[in-house]
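Below is one structure, written out as structure tokens; comments come after it.
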Amino acid sequence: MFKSLFTVASLSLVSASAFALTADEILAKKDQVTAEELGKMIAQEADRRDIGWSTSSQKMTMKLTNAHGESVIREMRSKNLEIQEEGKGDWAITVFDTPADVEGTAFLSYTNILEPDDQWLYLPALKRVKRISSRNKSGPFVGSEFAFEDLSSREVEKYTYKYIGQEACGELECFKLEAYPAYEHSGYTKQVALIDTAEFRSQKIDFYNRRNALLKTLESSDYKQYLGQYWRPHTLFMQNHLTKKSTTLNFSEYMFKDPNVRESDFRKSALKRIR
Amino acid sequence: MKKFVLFGLTAWVASAAQAVDLSGYMGYQGRYFLHDTLMPGQSAGAQHALILEPEFQYDWNNRRDQFTFVPYARLGEDDAKRNHFDIRELNWLHDAYPYEVRVGIIKDFWGVTESNHLIDIINQTDAIENTDGEDKLGQPAVQVAYQADWGTLRGYLMPFFRERTYPGVNGRFRAPIVVDRKQTEYEHDLGRMHPDIALRYSHYIGDWDFGVSHFHGTSREPLLIPRLNASGEPVLSPYYQIIDQTAIDVQATKDAWLWKLEAMTRSGQGDRFYAAAFGLEYTFYDIKRTGIDFGVIAEYSHDTRTNFAPQTILDDDIFVGGRVTWNDIQDTSLLAGAIIDRDTKERYVSAEFERRLGQNYKLELESRFFIGAPINSVGYFSRSDDYVQLSLSRYF
């Protein structure tokens, strides 16, 4: 029994690594492909290394800080479902625990790549499920420095890319890429991302607004690896350079492939029983 | 052994009590009427109330079993009828996907439009709370859902009817003679024990969300029949008929546009009649990168009911309104609009503003004006009931 489980596990590791490329292997192709192709290869590799997590659940604490340094806290729980079907993005459901007046409010989202996402909001006081427009990409999520598009599932095909070069990022070496939103109504002209060459994790992203000025910087840190494969940041820090406001998003209690997270929890009909 | 069992039980109760999640709010509400009263006995000027709505939740079996208890109380009003207690929810839910069962006192909402909740019928309207029809009484029911790839079916069996609430002699928003619930009559011999049933199918395809429903049972809206009570005073007696109502609701979500439709047909109150509410909402998002959203709402309501059915003010009415959402840390929002009767030209103007204060308080301002109702309209009795209201609630 144990042996067979072990065999399956090692087989899947072999199959994953058979397709995986290392940073050196990608850089070896630098002279054969364009900077755009190289950028996309890096994004694809980061995505490929994150295949197979199936479901996850986590707690989120958001700390919103204004220019005077005053801050408020919001707490949420979220669950994610990996969708491997071509042309579809992942599903996510988020439930608010605080502030108390919005406790139980839930947000269900099905990511589509270039089409608008399918989104529903559940208002517990009225027991009302509302289909909402996902046209709002650039607006703030619950008053934070994160826009809706920053929190939407990051799918490769949502952007076009360009490889810029390499630079040090803390103790690591990073690829520097530019990502240009391919979907409509983005608040950004480009994002400049640093992705580490060791594990292809996003370390830092600079967001440029429609006037091509540096608007925000996102730093991802406290990475931990789950199930021997999936890296997740435990801290996201978003600094708005224009307003001087910032938002820190802390993740905890990550759980992968929890049997209590089921596909049926992500259905529209599940919103009326969500807690 | 007995001792052991008792100990075990005590431990279970103690751990359950610890696991009970208490939330909800308590708050102050002050309403100020701008005009003198029209009817003898009505209270004038300011009215003050204390409102309590705690919510107790207990989950087990990985939230596949959920217990909910939501009592509600309004205290301190001048109008004795407005001081009331209700159980908004007291139910057990079991999730056995694809089935789901909810038993007890439940609350559910059907519909999509903003100015008219035409097809929402499971819960009785708690009409003394507000004039917008959004406050509801808890409904005893057994609800069974079946969820499939082709949509969700929900069946409801409602063994006990809840009567609509009405203001008393001291209350505003009433006719010159008050509704006397001691005189309530039912068309059906079983009265309030008539088992009402409902079935709803809902689903979505792409950016279209839709539902089809049927209700058979006691109309949530009564006819109000003038008569004399035991002491020989004139009162309005509620008369509840048995109706069959078939309804649809549709919303198309296209980019920044929401297209909405609710329509129904009802028999059992004179001739079969039809009613519809439809319209759109367009939102300008993140205006000039301020994060502020501005939505424009336009809806139309039409109703072909005759005098054998309870009166509605939304018979041939246009609603135009706007919604501003600041998307700030305090979740500030404003919803304002007017319902305009195309025939009588009377207007019902309303505005609702809300903003969180700190982490746990919420401030709400609400104002409603009833303008230009002619003498033959229901709205005529409310022509002096314009008010502004302030609520301050502590959430926990």
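Side chains are part of it too, since the values below use all heavy atoms of this structure and drop only hydrogens, waters and symmetry mates.
Most heavy-atom pairs under 4.5 Å with chain A: of the set B:Arg394, B:Lys107, B:Lys136, this distinction falls to B:Lys107. Of the residues considered (A:Glu115, A:Glu184, A:Lys130, A:Lys137), A:Lys130 shows the highest number of contacts with chain B, using heavy-atom pairs under 4.5 Å. Between chain B and the options A:Asp118, A:Ile73, A:Leu64, A:Val142, the largest number of non-hydrogen pairs under 4.5 Å is found for A:Ile73. Annotation: maximal heavy-atom pairing with chain A below 4.5 Å, among B:Ile287, B:Thr68, B:Asp293, occurs at B:Thr68. Residue with the most contacts toward chain A among B:Arg154, B:Glu134, B:Glu53, B:Arg88: B:Arg154 (heavy-atom pairs, distance under 4.5 Å). When B:Gln57, B:Lys362, B:Glu100 are compared by the number of non-hydrogen pairs under 4.5 Å with chain A, B:Gln57 comes out ahead.
Atoms CG and CZ, from B:Asn62 and A:Arg262 in turn, are 8.5 Å apart once rounded to the nearest 0.5 Å.
Not one N or O on the side chain of A:Lys268 forms a donor-acceptor pair closer than 3.5 Å with the backbone of B:Ser202. When atom types are taken as modelled, the side chain of B:Arg63 and the backbone of A:Arg275 share a donor-acceptor pair closer than 3.5 angstrom.
Both the backbone and the side chain of B:Gln359 come within contact range of chain A, judged by heavy atoms closer than 4.5 Å. With a 4.5 angstrom heavy-atom cutoff, B:His94 does not touch chain A via any of its atoms. Neither the backbone nor the side chain of A:Pro124 comes within contact range of chain B; no heavy atoms are under 4.5 Å apart. Residue A:Ala147: no heavy atom, backbone or side chain, is found under 4.5 Å from chain B. For a residue to count as touching a neighbouring chain, one of its non-hydrogen atoms must lie under 4.5 Å from one of that chain's; by this rule B:Glu354 does not touch chain A. Looking at A:Pro116, there are no atoms closer than 4.5 Å to chain B (heavy atoms on both sides), in backbone or side chain. Contact of A:Val102 with chain B is made through the side chain alone, with heavy-atom distances under 4.5 Å. At a 4.5 Å heavy-atom cutoff, the contact between B:Asp149 and chain A is made by backbone and side-chain atoms alike. For A:Tyr110, the part lying near chain B is the side chain, with the backbone staying farther off; criterion is any non-hydrogen pair under 4.5 Å. Looking at A:Ile132, the atoms closer than 4.5 Å to chain B (heavy atoms on both sides) all sit in the backbone: N, CA, C or O. Using a 4.5 Å cut-off between heavy atoms, B:Phe396 touches chain A through its backbone atoms (N, CA, C, O) alone.
Heavy atoms from other residues, nucleotides or ligands lying under 6.0 Å from NZ of A:Lys88 number 12 at most. Counted within 6.0 Å of CH2 on B:Trp208, heavy atoms from surrounding residues, nucleotides or ligands total 12 or fewer; the atom is thus considered open.
In this structure the side chain of A:Ser133 never reaches within 4.5 angstrom of the side chain of B:Glu281, judged on heavy atoms. By the 4.5 Å heavy-atom criterion applied to side chains, A:Arg128 and B:Trp110 are not counted as neighbours. Between B:Asp207 and A:Arg131 there is a side-chain heavy-atom pair separated by less than 4.5 Å. No side-chain heavy atom of A:Lys127 sits under 4.5 Å from any side-chain heavy atom of B:Asp120. Residues A:Lys272 and B:Asp108 are in side-chain contact: their nearest non-hydrogen atoms beyond the backbone lie under 4.5 Å apart. Counting only heavy atoms from C-beta outward, the side chains of B:Tyr97 and A:Arg267 approach each other to under 4.5 Å.
The aromatic rings of B:Tyr204 and A:Trp120 stand perpendicular to each other, their planes meeting at an angle above 60°, with 30° marking the opposite boundary.
Residues of residues 251-258 of chain B that come closer than 4.5 Å to chain A, counting heavy atoms only, are B:Gln251, B:Thr253, B:Asp255, B:Ala256, B:Leu258, ordered by residue number. Proximity to chain A at a heavy-atom threshold of 4.5 Å picks out B:Arg323, B:Asn327, B:Asp328, B:Ile329, B:Asp331 from residues 323-332 of chain B, in numerical order.
Residues A:Ser269 and B:Thr152 come closest through the heavy atom pair CB-OG1, 3.3 Å. Closest approach of A:Pro140 to B:Gly291, counting heavy atoms only: CD-CA, 3.5 Å. Counting all heavy atoms, side chain and backbone alike, A:Leu126 lies closest to B:Phe109 at O-CB, 3.2 Å. Taking both residues in full, the closest heavy atoms of B:Tyr395 and A:Asp101 are given as CD2-CA, 3.4 Å, listed atom of the first, atom of the second, then distance.
Counting only N and O atoms by type, the side chains of A:Asn260 and B:Arg64 include a donor and acceptor under 3.5 Å apart. In the model, A:Ser138 has a side-chain atom that pairs as donor or acceptor with a side-chain atom of B:Arg289 under 3.5 Å.
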